[in-house]
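So the structure is just underneath, and the comments pick up after that.
The figures that follow rest on heavy atoms only: side chains count, while hydrogens, waters and symmetry mates do not. Remember, predicted model here, so these are calculated numbers, not experimental data.
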Amino acid sequence: MMNKNRIAIVLGLVCLLLSMAITVQINTIKRTSIAGSKKFAQDNLKDEVLRWKEKYEAETRNLANSEKELAKIREDGAKKDTSASAKESQIKLNNNLLGLTDLEGKGIELTIKDDPNVTTENIGIVDDISNHIVHEQDLRAIVNELKNAGAEAISINEQRITTNTSINCIGNVIKIDDEKISSPFVIKAIGFPEIMESALARAGGYLDCIDDYGIVISLKKLEKVKIPKYTGVISSKYIK
């Protein structure tokens with residue numbers, strides 16, 4: 001009788017151990033399957049992003065080649081027709097104003113960046129750390145001052161400012177159109193350097209205000225400022 005009881009106990013323990021081992025193996029297989037599925041999905045997403053990136057780069061190259069061919073056709077036509085030459089000049093001027101061409105000329109370069117010395121520990125009780133950071137409204141205000149001072153072309157961190165450009169803040173990121181930018185912000189403008197400098201650096205002006213909060217500011221006049229063309233697509237819904 002005792003032997004039967006022992007055998008029953010041993011068999012029970014063996015069954016229990018086998019059940020535990022099977023459960024552990026099943027859970028391991030499930031985790032492996034889930035991890036494999038996630039990796040497979042991530043790999044597919046990466047492949048899709050790469051495919052779209054290649055398509056975008058190919059279309060960008062095609063657009064650049066088409067623009068070169070169109071410019072050559074216009075130039076050849078202008079040589080044969082004096083009226084076409086005037087029209088070509090007008091087209092170039094319009095493209096410059098729209099931001100569709102690389103530009104170069106005298107102007108200014110303004111660099112602003114967040115206060116490097118402020119922290120949550122050393123800031124005053126009545127102060128706000130956000131006052132020591134460059135925000136999207138600061139960039140918009142500076143762009144408007146430059147336009148009012150006669151700037152003919154403006155860029156921020158190599159992103160061309162056009163009539164349709166939006167400068168927004170999404171979370172902790174500033175976006176110009178769809179491009180993310182961050183401090184330091186390098187603002188370039190082509191125009192009369194002395195007038196633009198005077199507009200930005202005047203007493204009580206915008207730079208004077210943010211300078212009180214430790215924002216680092218560097219403004220210089222240059223004989224040659226290079227501003228890149230707008231690489232996006234300019235479209236309109238309501239103009240006819």
By side chain to side chain contact (heavy atoms under 4.5 Å, CB included), Asp211 pairs with (sequence neighbours left out) Ile217

Contact check, side chains of Ile190 and Ile227, non-hydrogen atoms, under 4.5 Å:
yes

Applying side chain to side chain donor-acceptor pair (under 3.5 Å) to Glu158 and not counting sequence neighbours gives Lys188

Using side chain to side chain donor-acceptor pair (under 3.5 Å) as the criterion, list what pairs up with Asn157, not counting sequence neighbours.
none

Sort and list the pairs that fulfil salt bridge (Lys or Arg N to Asp or Glu O under 4.0 Å) and have at least one residue in residues 213-227, not counting sequence neighbours.
Glu104-Lys224, Glu109-Lys220, Glu194-Lys221, Glu197-Lys221

Determine, for Phe185 and Lys113, whether the Lys NZ or Arg CZ falls below 6.0 Å from the six-membered ring centre while staying within 45 degrees of the axis.
no

Stepwise side-chain contact (heavy atoms from CB on, under 4.5 Å) check, Leu146 with Ile161:
CA-CA 11 Å; Leu146 286 170; Ile161 304 300; over 6 Å; no

Can you give me the closest heavy-atom contact between Gln159 and Ile176, atom names plus distance?
CB-CG2, 4.1 Å

Would you name the heavy atoms of Ile174 and Glu136 that are closest together and state the gap between them?
CD1-N, 3.7 Å

Who pairs with Pro116 by side chain to side chain contact (heavy atoms under 4.5 Å, CB included), at least two apart in sequence or on another chain?
Val216

Is any side-chain heavy atom of Leu139 less than 4.5 Å from a side-chain heavy atom of Ile187?
yes

For Arg160 and Ile154, work out which heavy atoms get closest and say how close.
CD-O, 3.6 Å

With sequence neighbours excluded, tell me which residues meet salt bridge (Lys or Arg N to Asp or Glu O under 4.0 Å) with Glu145.
Arg202

Quick one: are Ile156 and Val186 in side-chain contact, heavy atoms under 4.5 Å?
no

Is Thr101 close to Leu103 at the side-chain level, that is, under 4.5 Å between some pair of heavy atoms?
yes

What is the minimum heavy-atom distance between Leu222 and Pro193, and which atoms define it?
O-CG, 4.5 Å

Please check this pair: side chain of Thr165 against backbone of Thr162, looking for a donor-acceptor N/O pair closer than 3.5 Å.
yes

With rounding to the nearest 0.5 Å, note down the distance linking OG in Ser183 to CD1 in Ile112.
8.0 Å

Return the set of residues passing side chain to side chain contact (heavy atoms under 4.5 Å, CB included) with Ala199 (not counting sequence neighbours), or none when no residue passes.
Ala149

Hits for side chain to side chain donor-acceptor pair (under 3.5 Å) against Asp114, two or more places apart or cross-chain, chain-then-number order -> none

Flag the pair Ile108 / Val225 as yes when at least one side-chain heavy-atom distance between them is below 4.5 Å, and no otherwise.
no

Under the salt bridge (Lys or Arg N to Asp or Glu O under 4.0 Å) definition, can you give me all pairs with a residue in residues 166-182, not counting sequence neighbours?
none

Hydrophobic cluster mates of Val173, side-chain heavy atoms under 4.5 angstrom, ILVMFWY only, any path?
none

If you group Ile, Leu, Val, Met, Phe, Trp and Tyr by side-chain heavy-atom gaps below 4.5 Å, do Leu219 and Val143 land in one group?
yes

Which ILVMFWY residues can you reach from Ile170 by hopping between side chains whose heavy atoms are under 4.5 Å apart?
none

Go through it in stages, so that I can follow the logic: the residues are Tyr206 and Asp138, the test is side-chain contact (heavy atoms from CB on, under 4.5 Å), and I'd like the CA-CA distance, side-chain angles, deciding distance and then a yes or no.
CA-CA 8 Å; Tyr206 203 82; Asp138 300 320; 2.4 Å; yes

Residues in side chain to side chain contact (heavy atoms under 4.5 Å, CB included) contact with Asn168, at least two apart in sequence or another chain
Arg140, Ser166

Is there a path from Ile181 to Ile210 through hydrophobic residues (I, L, V, M, F, W, Y) whose side chains come within less than 4.5 Å of each other?
yes

